[in-house]
Amino acid sequence: MPARVIYWFRTDLRLHDSPALKAALDLDPEALYPVWTWDPHYVYHAKVGPNRWQFLLDCQSAVSEGLSQINPESRLIVLRESPLTILPKLFKAWRISHLVFEKDTDSYARKRDDEILAKAGEAGVECIVKYGRTLWDSDEIVGINNGPTMTTMQLQKAGQKLGPPPRPIPTPSSIPPPGDLSLKDVAQDQPGPEYFSADQNQSNRTAEDSTYHSGLRGPEGDFSVPTMEELRMSATTPHRGGEKIALEILDRIVRDKEYTATFSKPDTAPTAFEPASTCLLSPHMHFGSISCRKFYWDVLDVVNEWEKSGKKATEPPCSLTGQLFFRDMYFAAQAGVGTYFGQTLHNPKVRYIPWHLPSKHQPNPDDILKSLSIKGTYHVDSKEAEEWFIKWREGRTGFPWIDAIMVQLKTEGWIHHLARHAVACFLTRGGCYIDWERGAEVFEEWLLDHEISCNAGNWQWLSCTAFFSQYMRIYSPIAFPQKTDKEGKYVRHYIPQLKDFPEKYIYEPWKCPIADQRAAGCIIGKDYPKPMFDWKERKEACIRGMKAAFEAGYHGSDVEVVKGNARDVLQEKFKDNIESFADATSNPGASERKGKDDFESRPTTSKSSKMPAKRGSGQVTLDTMFARKKAKPEDECNDI
DNA sequence: ATAGAGTTGCTCGC
DNA sequence: GCGAGCAACTCTAT
């Protein structure tokens with residue numbers, strides 16, 4: 001019996017180097033249905049901003065065109081229904097013998113795919129699943145490494161045992177047509193109310209999403225790729241998706257042999273834009289519009305040639321191939337840790353820190369609102385932390401370097417890796433002391449290249465909760481960008497209010513004399529906000545907090561954390577240490593500290609930060625904070 | 001056991 | 001521009 005195959009596209013929107021697609025074609029099928037299922041989980045429950053939606057639709061359209069170029073009868077068949085319900089119906093309607101797809105090790109995907117495999121089994125449909133998203137099969141890496149890979153060395157060693165990643169498979173020269181596309185007796189199952197009521201992307205829509213309203217086949221009845229209009233979204237990014245664009249970028253990179261062979265990630269400038277200092281292939285890697293193995297081998301061929309001519313090439317982890325190893329490391333870390341990889345709670349690899357604004361993953365819902373307020377320590381009121389978080393998200397912190405990055409992230413969906421470091425460090429251990437999961441959620445929504453494994457892993461890295469632990473190394477929002485952009489071109493581009501600001505004060509505009517502010521047409525506190533806190537003061541407080549949490553040594557799967565006691569235990573256990581530490585360090589810098597007028601509204605008085613903390617006295621609670629706010633309204637007017 | 005390395009810190013002094 | 005010092009964590013190789 002000739003095979004009749006559904007090729008299910010998910011993380012692999014390309015035709016070159018697709019091991020799963022090759023496996024489907026190797027069946028020599030009489031019919032091949034290239035299918036995309038419109039998963040309501042992704043439409044409503046995953047955070048996906050307009051820019052990433054556009055990129056996905058670009059990639060789908062490109063695959064569809066690519067298929068049609070190989071065989072005019074072929075194209076991407078988009079079915080507007082959950083795979084869990086539509087695929088079993090298709091098995092019958094199209095008399096399917098095989099279901100083929102690329103392996104996905106994300107936790108939601110694993111669960112979904114297990115269900116699909118079971119349903120296919122019931123229907124007598126044979127399934128073929130091939131890894132193709134990473135250099136090596138992440139599950140095999142985990143097996144060889146005896147657990148999740150937490151260093152690139154572990155990844156590379158395990159990879160060595162598996163042998164070099166396979167060379168890329170060429171784009172197929174022929175593809176069978178799909179068979180009969182009629183859907184007799186197949187009715188559309190629309191998403192239930194539980195999806196609409198929990199729409200994570202509502203704020204990005206101008207009206208209710210309508211992608212399901214026109215039935216299984218879409219408005220033209222032709223299974224076409226949905227549009228941004230149907231999603232009720234509009235994108236702002238200049239970066240566009242699709243296999244052709246991705247291959248052109250890679251080709252341009254490897255044609256520049258010196259750039260390719262001597263690439264050193266830490267030396268690339270996060271302040272560079274138009275063009276950026278790195279390749280911008282990460283969104284394509286996310287959607288599969290470029291194969292990471294093609295990237296790997298195209299680069300390695302250039303490197304080998306470069307070295308053959310006696311010239312020195314860079315090596316992992318800094319080189320381009322090293323970047324791919326990090327990606328595989330995070331994938332294998334997630335594959336090994338499992339469902340809880342993206343959170344602290346229940347995650348044995350992630351260190352517990354009593355962050356402000358704990359994420360939604362807490363043992364008791366009340367814990368999310370819980371705040372500690374010991375004066376002179378890293379603790380602040382949760383209301384204040386909430387304000388910091390909102391300002392960070394919206395790019396209104398008053399630190400131009402941080403704000404410019406957040407503006408670029410929101411509008412363009414891509415920022416340089418080191419820019420991600422800067423804002424992630426600032427939000428967590430290097431400023432706000434806010435839960436990394438809160439920041440990761442913002443990245444999840446706005447990044448074109450959002451990959452749960454890499455995003456969560458990098459947030460763990462930057463917050464010093466896993467992968468990396470040197471919490472003394474904190475990025476300065478002033479000194480760091482000056483290394484590559486003394487003039488502040490980047491800041492001037494993304495924060496136009498500051499475009500004529502004096503170079504001397506571009507990263508700390510609150511220090512600029514008022515006459516110069518007027519001359520630059522930007523009054524700090526009016527046209528651009530004052531800094532939301534004294535960064536050096538916050539940095540020191542964060543280090544004290546990290547030190548205490550590291551001494552406690554809790555991790556996400558420890559019983560105290562799972563039971564929800566860790567925060568209280570830690571507070572009790574380290575209250576004395578923290579305060580004595582504060583005693584010893586709070587005075588030296590006091591004389592250099594600027595007056596309170598230089599900063600945005602501060603619920604705690606400036607006096608309190610200069611004075612050594614006295615045990616058990618003068619705690620700032622919600623009530624006293626609001627009392628102060630009421631009593632001193634002028635403090636609230638700093639940014640007017 | 002101990003030393004050294006680890007993708008990318010900052011400040012200061014030369 | 002470079003190196004030392006800051007004060008410090010974790011894993012790996014020996």
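Proteins get letters first, then strands, A, B, ... in listed order; numbering begins at 1 in each.
The aromatic rings of A:H346 and A:Y340 sit tilted relative to each other, their planes meeting at an angle between 30° and 60°. Between A:Y554 and A:Y352, the ring planes are perpendicular. Angles over 60° get that label, and only those under 30° would be called parallel.
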Would you list the protein and nucleotides 12-14 of chain C atom pairs, both N or O, that sit under 3.5 Å from each other?
unit_1, atom_1, unit_2, atom_2, d
C:dT12, OP1, A:Q154, NE2, 2.8
C:dA13, OP1, A:K157, NZ, 2.1

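Remark: A:K410 NZ is loosely packed, at most 12 non-hydrogen atoms of other residues, nucleotides or ligands lying under 6.0 Å away. A:K47 NZ: more than 12 foreign heavy atoms inside a 6.0 Å radius.
Between A:F467 and A:Y330, the gap from one ring centroid to the other is short of 6.0 Å.
A straight line from CD1 of A:I543 to P of C:dC6 spans 15 Å, rounded to a whole angstrom. For A:L155 and C:dC11, the CG to P distance is 17 Å, given to the nearest whole Å.
Base-pairing analysis of DNA chain C finds the following stems of at least three consecutive Watson-Crick or G-U pairs, with both pairing distances under 3.5 Å: B:1-6 with C:9-14, B:9-14 with C:1-6.
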Could you check A:R252 against A:D256 for salt bridge (Lys or Arg N to Asp or Glu O under 4.0 Å), going step by step and ending with a plain yes or no? CA-CA 7 Å; A:R252 200 187 67 229; A:D256 188 340; over 6 Å; no

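Scanning for ring-ring contact (aromatic ring centres under 6.0 Å, His included) contacts around A:Y490 gives A:W401, A:Y494, with sequence neighbours left out. Residues satisfying the side-chain hydrogen bond (donor to acceptor under 3.5 Å, both in side chains) criterion with A:W136, sequence neighbours excluded, are absent altogether.
The same atom, C1', is picked in C:dT10 and in B:dC10; the two are 22 Å apart, to the nearest Å. Rounded to whole Å, the separation between the C1' atoms of B:dG6 and C:dA8 comes to 13 Å. Between C:dA7 and B:dA1, the distance separating the two P atoms is 29 Å to the nearest Å.
A cation-pi arrangement, defined by a distance under 6.0 Å to the six-membered ring centre and an angle within 45 degrees of its axis, is present between A:K311 and A:W306. In this structure, A:R492 forms no cation-pi arrangement with A:F501, as its terminal cationic atom is not both closer than 6.0 Å to the ring centre and no more than 45° off the ring axis. Taking the ring axis of A:F389 as reference, the NZ or CZ atom of A:R438 stays within 45° of it and closer than 6.0 Å to the ring centre.
Side-chain N/O atoms of A:D106 and A:Q334 include a donor and acceptor closer than 3.5 Å.
A:S319 comes within 4.0 angstrom of no nucleic acid atom, judged by non-hydrogen atoms across all strands.
Taking 4.0 Å as the cutoff to heavy atoms of chain A, we find the contact window on DNA chain B bounded by B:dG6 to B:dT11.
Taking every heavy atom of residues 463-485 of chain A and every atom of DNA chain C, pairs under 4.0 Å involve A:S469, A:Q470, A:Y471, A:M472, by number.
By the 4.5 Å heavy-atom criterion applied to side chains, A:Q517 and A:Y505 are not counted as neighbours.
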